[in-house]
Amino acid sequence: MLIPAPADVVYGLIADATRWPSLLGPSVHVEPLDFDGRTERLRMWALVGGRVHAWYSRRVLSPAAGRVDFRQESPTPSAG
C-alpha cells in the first residue's frame with residue numbers, strides 16, 4: 001500500500017495502537033497491556049464477519065527502522 005505521507009508520520013500513526021479504531025476500519029478498541037519500551041502486548045477488538053471478536057497480540061516497535069512487527073498470541077478470529 002502506498003501512502004502519500006512521510007514515513008515517520010505513518011510510523012507514528014501505526015505505533016500508536018490506541019488510535020487504530022479511528023484509522024483502521026474494522027478496529028473497535030485496542031487496549032495496551034504491557035510495554036517495555038520496545039515490545040508491547042495488546043488486547044484487540046475488531047469487527048469480523050459482522051461480530052466483535054477479541055484477541056491478544058504482541059508487537060515489537062523499531063522506530064529507527066520505521067518498522068512494527070506483529071505476532072498474535074491467539075489465533076486470528078475468523079469470519080466463521
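When a residue number appears, it is its place in the shown sequence, counting from 1. Bear in mind the structure is a predicted one, so any value in this text is a computation, not a measurement.
Residue Tyr56 belongs to a hydrophobic cluster whose other members are Leu33, with links defined by side-chain heavy atoms closer than 4.5 Å.
Phe70 and Val28 end up in different hydrophobic clusters when Ile, Leu, Val, Met, Phe, Trp and Tyr side chains are linked at under 4.5 Å.
Atom CD1 of Ile14 and atom CG of Leu24 lie 6.0 Å apart (nearest 0.5 Å). In this structure, CH2 in Trp20 is found 11.5 Å from CG in Leu13, a value given to the nearest 0.5 Å.
In terms of heavy atoms, Tyr11 sits closest to Arg67 at CE1-O, 3.5 Å.
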Please report, to 0.1 Å, the donor-acceptor pairs under 3.5 Å made by any side chain of residues 36-48, with sequence neighbours excluded.
unit_1: Asp36; atom_1: OD1; unit_2: Arg38; atom_2: N; d: 2.9
unit_1: Asp36; atom_1: OD1; unit_2: Thr39; atom_2: N; d: 2.7
unit_1: Glu40; atom_1: OE1; unit_2: Arg59; atom_2: NE; d: 2.8
unit_1: Glu40; atom_1: OE1; unit_2: Arg59; atom_2: NH2; d: 2.7
unit_1: Arg41; atom_1: NE; unit_2: Glu73; atom_2: OE1; d: 2.8
unit_1: Arg41; atom_1: NE; unit_2: Glu73; atom_2: OE2; d: 3.3
unit_1: Arg41; atom_1: NH2; unit_2: Glu73; atom_2: OE1; d: 3.1

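Ionic pairing of Arg71 and Asp69 is not present here: no N-O contact between side-chain nitrogen and carboxylate oxygen is shorter than 4.0 angstrom.
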